[in-house]
Amino acid sequence: MTCNDLTYRRQVERRYRFGGNRWKMANALKNGLARNLREIRIHLCQTAASSNGARQFIEENYVAMKTAHPNFPILIRECSGIQPKLYARFARGQETHTELSDMDSAQVGQALEKIINGAPKA
């Protein structure tokens, strides 16, 4: 890690330290983004009320998660008329998903942690 990278990371940490759940979520994922997790994908609708929690979670946590893990694929897929789901793809092509309908932002974060902690062993 170069000096500039370290300085930037410290600036980001200071910015999110008092930002509530954002930096906490990024750090909580640090252990879960282990060897066998390959991708996180969130499918949601741009306008449906059932996707409000997923949209809010993305607005609050996406930047912190990508800052903590810049090379890890966190994909957001928007399509009208679909139910929100969270997918996690693991090593050897294993994939799991969870429905996010009518959840708030905190519940979406808990669902993400649950999927990561229940990851299949490689």
Side-chain angles (χ1 to χ4, degrees):
M1 195 177 250
T2 65
C3 182
N4 288 338
D5 293 339
L6 188 58
T7 303
Y8 176 74
R9 182 163 177 101
R10 286 182 183 148
Q11 289 173 349
V12 171
E13 285 176 4
R14 273 188 235 117
R15 187 179 325 148
Y16 286 104
R17 186 173 295 146
F18 302 107
N21 195 29
R22 293 180 190 137
W23 194 253
K24 180 181 175 187
M25 176 58 67
N27 284 336
L29 297 178
K30 190 176 288 186
N31 294 333
L33 298 179
R35 293 160 264 154
N36 62 344
L37 185 61
R38 300 291 185 244
E39 173 184 276
I40 295 172
R41 208 168 52 242
I42 300 176
H43 292 206
L44 57 102
C45 178
Q46 303 97 320
T47 57
S50 62
S51 295
N52 284 342
R55 280 194 302 273
Q56 184 180 2
F57 176 80
I58 292 165
E59 290 172 6
E60 293 174 353
N61 297 295
Y62 181 79
V63 173
M65 289 190 307
K66 282 307 278 187
T67 301
H69 311 286
N71 297 324
F72 186 80
I74 301 172
L75 310 173
I76 311 301
R77 301 290 185 236
E78 294 180 326
C79 182
S80 59
I82 64 166
Q83 294 298 316
K85 290 184 182 177
L86 170 67
Y87 292 87
R89 187 170 55 87
F90 300 96
R92 299 182 184 167
Q94 296 174 328
E95 191 168 289
T96 184
H97 72 278
T98 300
E99 292 280 337
L100 302 177
S101 294
D102 300 319
M103 288 186 178
D104 63 10
S105 179
Q107 291 171 326
V108 172
Q110 290 170 356
L112 178 58
E113 288 180 17
K114 185 176 177 182
I115 278 186
I116 290 172
N117 292 335
K121 304 299 179 209

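Being a predicted model, the structure only gives us computed values, none of them experimental.
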Peer 1: Do the side chains of Asn61 and Val108 get nearer than 4.5 Å, heavy atoms only?
Peer 2: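 Not touching, per the 4.5 Å side-chain cut-off.
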Peer 1: Set out, in order, the CA-CA distance, both residues' side-chain angles and the distance that settles side-chain contact (heavy atoms from CB on, under 4.5 Å) for Ile42 and Ile74, then state yes or no.
Peer 2: CA-CA 8 Å; Ile42 300 176; Ile74 301 172; 5.5 Å; no
Peer 1: If we ignore hydrogens and angles and just use 3.5 Å, is the side chain of Arg55 paired with the main-chain N or O of Cys45 as donor and acceptor?
Peer 2: yes
Peer 1: So, the side chain of Arg41 versus the backbone of Lys85: is there a donor-acceptor pair under 3.5 Å, distance only?
Peer 2: no
Peer 1: Start with the C-alpha gap between Ile40 and Ile116, add the side-chain angles, then the distance that decides, and say whether side-chain contact (heavy atoms from CB on, under 4.5 Å) holds.
Peer 2: CA-CA 9 Å; Ile40 295 172; Ile116 290 172; 4.3 Å; yes
Peer 1: Distance from Gln56 atom CD to Met103 atom CE, nearest 0.5 Å?
Peer 2: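 Reported to 0.5 Å precision, the distance equals 14.0 Å.
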Peer 1: If a pair satisfies side-chain hydrogen bond (donor to acceptor under 3.5 Å, both in side chains) and one of its residues is in residues 71-81, list it, with sequence neighbours excluded.
Peer 2: none
Peer 1: How about Ile115 and Thr96: do any of their side-chain heavy atoms sit closer than 4.5 Å?
Peer 2: yes
Peer 1: Show, in sequence, the C-alpha distance, side-chain angles and deciding distance for Leu112 and Met65, and conclude whether the side-chain contact (heavy atoms from CB on, under 4.5 Å) test is met.
Peer 2: CA-CA 12 Å; Leu112 178 58; Met65 289 190 307; 4.1 Å; yes
Peer 1: Looking only at heavy atoms, which two atoms of Cys79 and Gln46 are closest? And how far apart?
Peer 2: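 For Cys79 versus Gln46, the nearest heavy atoms are C-OE1, 3.5 Å.
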Peer 1: Tell me whether Phe57 shares a hydrophobic cluster with Ile76, the cluster being built from Ile, Leu, Val, Met, Phe, Trp, Tyr side chains joined at under 4.5 Å.
Peer 2: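 Yes; Ile76 is reachable from Phe57 via cluster members.
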Peer 1: Calculate, to the nearest 0.5 Å, the distance between atoms CZ and CG belonging to Arg89 and Leu37 respectively.
Peer 2: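 So the CZ of Arg89 and the CG of Leu37 are separated by 9.0 Å.
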Peer 1: Report the distance from atom CZ of Phe72 to atom CD of Glu39, rounding to the nearest 0.5 Å.
Peer 2: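 Reported value, rounded in 0.5 Å steps: 7.5 Å.
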Peer 1: Main chain of Asp104, side chain of Gln107: is a donor-acceptor contact present, judged purely on distance under 3.5 Å?
Peer 2: yes
Peer 1: Who pairs with Tyr87 by ring pair (Phe, Tyr, Trp, His ring centres under 6.0 Å), at least two apart in sequence or on another chain?
Peer 2: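 Expected list: His43, His97.
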Peer 1: If every non-hydrogen atom of Ala111 is compared with every non-hydrogen atom of Leu100, which pair is closest and at what distance?
Peer 2: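 Ala111 and Leu100 have their closest heavy atoms at CB-CD2, 4.1 Å.
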Peer 1: On a heavy-atom basis, which atom in Gln83 and which in Ser50 lie closest, and how many Å separate them?
Peer 2: OE1-OG, 3.8 Å
Peer 1: Report the distance from atom OG of Ser105 to atom CG of Asn52, rounding to the nearest 0.5 Å.
Peer 2: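 With rounding to 0.5 Å, OG (Ser105) is 11.0 Å from CG (Asn52).
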Peer 1: Under 4.5 Å between any side-chain heavy atoms of Ser101 and Pro84, yes or no?
Peer 2: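 Ser101 vs Pro84: side chains touch.
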